[in-house]
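Because only heavy atoms are used, hydrogens play no part in the values below, and waters and symmetry mates are left out as well, while side chains stay in.
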Amino acid sequence: MMGILASLIGAHDALAEASFDCVLNPALTLKLGSPISGIIDTVAVDRGDLVKKGQAVARLQSAVEAAEVALDKAKAENTADIDAKQVKVTLTKANFDRQSILVQHQNTPVEKFDEARADYQSAQQELALAQLNHHVAELQLQSAQATLDQRVIRSPIDGVVTERALGPGEYVNQDGHIVSVAEIDPLYVDTFLPIRYYGEIKVGDTANVQPDDPIGGDRKAVVSVVDQVFDAASGTFGVRLDLPNADHRIPGGLRCHVTFATPALPETAATPLTSALPMSNQPELGAK
């Protein structure tokens with residue numbers, strides 16, 4: 001029993017808490033534009049609004065496209081030509097069947113039989129052509145509907161609107177954007193660690209994240225990325241963690257501190273993080 005306790009105490013002593021500065025970034029930030037050029041009719045969201053995946057955030061003027069959809073829909077739903085050709089097929093087939101019986105008993109000229117057969121085959125071809133035309137009309141409706149749908153801009157993610165760049169009446173093309181949307185669930189926790197920790201931090205490890213005031217508190221995050229390329233100038237490598245944020249309580253862009261439980265290293269308590277960060281990050285992040 002004493003041996004087991006000694007082993008546990010030894011394992012605990014072999015671990016140390018390494019704390020580093022970090023930043024909470026949105027998982028994804030998108031600038032939503034239009035695949036086609038046009039005049040904006042409405043913008044349904046504004047800065048700070050929460051949006052759901054698939055939600056319409058803006059619409060372009062689309063009266064012409066809507067009219068084309070209505071016209072093609074009427075054509076696609078009209079089966080009168082097919083019905084008429086089907087009736088003709090039924091009648092010519094009945095006549096062909098009668099002539100077949102009569103010609104077998106030599107009660108009708110062969111020419112009558114040939115004429116009835118030709119009429120039946122012609123009616124079948126006319127029916128097939130009517131069915132093809134109806135299928136083409138359905139495809140034209142799908143094409144017109146797709147063109148109309150392109151004039152509705154939808155959010156591809158759940159997120160928050162961070163910018164409204166254009167409004168109703170303004171012109172948008174493929175190079176512009178109407179709104180920007182940021183995905184903040186999950187948040188990405190980005191930090192840099194000295195190279196001596198490489199191999200000690202692995203994908204799937206958990207860590208404790210403490211957002212700065214006014215949010216505060218302790219939260220668990222999971223390592224999702226460990227960079228495979230070091231920054232030679234600073235002797236660091238990047239680590240990213242995923243932090244759940246379902247209630248959207250934590251804003252993106254907030255500074256934080258992340259604490260890992262790592263095997264005790266001789267230099268753990270002595271090396272400040274700032275000196276190990278890439279030069280571009282030194283003004284932004286410091287050791288806790």
Side-chain angles (χ1 to χ4, degrees), residues 7-30 50 53 156-160 162 181-288:
S7 299
L8 292 175
I9 293 173
H12 179 271
D13 291 341
L15 295 177
E17 289 189 347
S19 183
F20 305 93
D21 288 347
C22 56
V23 177
L24 297 169
N25 291 316
L28 190 63
T29 300
L30 302 177
L50 294 175
K53 181 178 180 179
I157 59 173
D158 294 341
V160 60
T162 60
V181 178
E183 182 181 8
I184 58 174
D185 179 29
L187 287 168
Y188 284 161
V189 182
D190 290 312
T191 188
F192 292 90
L193 279 62
I195 290 177
R196 68 175 183 273
Y197 288 101
Y198 189 77
E200 306 299 340
I201 308 298
K202 299 180 175 61
V203 173
D205 287 351
T206 59
N208 188 55
V209 177
Q210 296 176 313
D212 283 358
D213 292 335
I215 302 302
D218 293 331
R219 291 169 173 80
K220 294 296 183 183
V222 179
V223 176
S224 58
V225 177
V226 176
D227 285 351
Q228 302 295 307
V229 178
F230 297 159
D231 184 86
S234 63
T236 63
F237 65 99
V239 174
R240 169 171 288 173
L241 305 92
D242 291 351
L243 177 64
N245 188 31
D247 57 1
H248 296 165
R249 184 171 179 269
I250 309 173
L254 187 65
R255 293 174 182 272
C256 59
H257 299 280
V258 56
T259 302
F260 298 92
T262 64
L265 299 175
E267 307 167 78
T268 296
T271 303
L273 178 62
T274 304
S275 62
L277 286 176
M279 296 302 293
S280 60
N281 290 303
Q282 284 192 20
E284 299 295 330
L285 301 176
K288 182 179 178 183

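A pairwise comparison of heavy atoms in Thr29 and Pro26 identifies OG1-CB, 3.9 Å as the closest pair. Heavy atoms only, all atoms of each residue included: Pro211 and Gly217 are closest at CD-O, 3.5 Å. The two residues Ala221 and Val209 come nearest to each other via the heavy atoms CB-CG2, 3.7 Å. Across all non-hydrogen atoms, the minimal contact from Phe192 to Gly238 is CD2-CA, 3.8 Å. Residues Thr162 and Ala182 approach most closely at CG2-CB, 3.7 Å, considering heavy atoms. Taking all atoms of both residues into account, the shortest heavy-atom contact from His257 to Ser19 is CB-OG, 4.2 Å.
Expressed to the nearest 0.5 Å, how far CG of Leu28 lies from CD1 of Ile184 amounts to 12.5 Å. Separating the CG atom in Asp185 from the CG atom in Leu243 is a distance of 9.0 Å, to the nearest 0.5 Å. Separating the CG atom in Asn208 from the CZ atom in Phe260 is a distance of 10.5 Å, to the nearest 0.5 Å.
By the side-chain contact (heavy atoms from CB on, under 4.5 Å) test, Pro156 pairs with Leu30, Leu32, sequence neighbours left out. Legend: residues meeting salt bridge (Lys or Arg N to Asp or Glu O under 4.0 Å) with Arg219, ordered by chain and number and at least two apart, are absent.
Remark: aromatic rings of Tyr197 and Phe20 are close, center separation under 6.0 Å.
Between Cys22 and Val258, some side-chain heavy-atom pair lies under the 4.5 Å cut-off. Side chains of Val23 and Cys256 form no contact here, defined as non-hydrogen atoms less than 4.5 Å apart. The shortest distance between side-chain heavy atoms of Val223 and Ile201 falls below 4.5 Å.
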Quiz item: Can you list the steps and then say if Val225 with Val203 is a side chain to side chain contact (heavy atoms under 4.5 Å, CB included)?
Solution: CA-CA 6 Å; Val225 177; Val203 173; 5.9 Å; no
Exercise. Evaluate side chain to side chain contact (heavy atoms under 4.5 Å, CB included) for Leu241 paired with Tyr188, printing each intermediate quantity in order.
Key: CA-CA 6 Å; Leu241 305 92; Tyr188 284 161; over 6 Å; no
Quiz item: Would Ile250 and Leu187 satisfy side chain to side chain contact (heavy atoms under 4.5 Å, CB included), going step by step from the backbone distance to the final call?
Solution: CA-CA 8 Å; Ile250 309 173; Leu187 287 168; 3.6 Å; yes
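In this structure, Asp231 contributes its side chain and Ser234 its backbone to a donor-acceptor pair below 3.5 Å. Looking only at distances, a side-chain donor or acceptor of Asp158 sits under 3.5 Å from a matching main-chain atom of Lys53. One N or O on the side chain of Gln228 and one on the backbone of Val226 form a donor-acceptor pair closer than 3.5 Å.
The residue from Asp205, Asp227, Asp190 that alone fulfils the salt bridge (charged side-chain N to carboxylate O under 4.0 Å, His left out) condition with Arg240 is Asp190.
The side chain to side chain donor-acceptor pair (under 3.5 Å) contacts involving residues 244-253 comprise nothing, where partners must be two or more places apart or lie in separate chains.
The residues Arg255 and Asp212 are annotated as not salt-bridged, no charged nitrogen and carboxylate oxygen being separated by less than 4.0 angstrom.
The aromatic rings of Phe237 and Tyr198 lie perpendicular to each other, with more than 60° between the two planes, well past the 30° mark.
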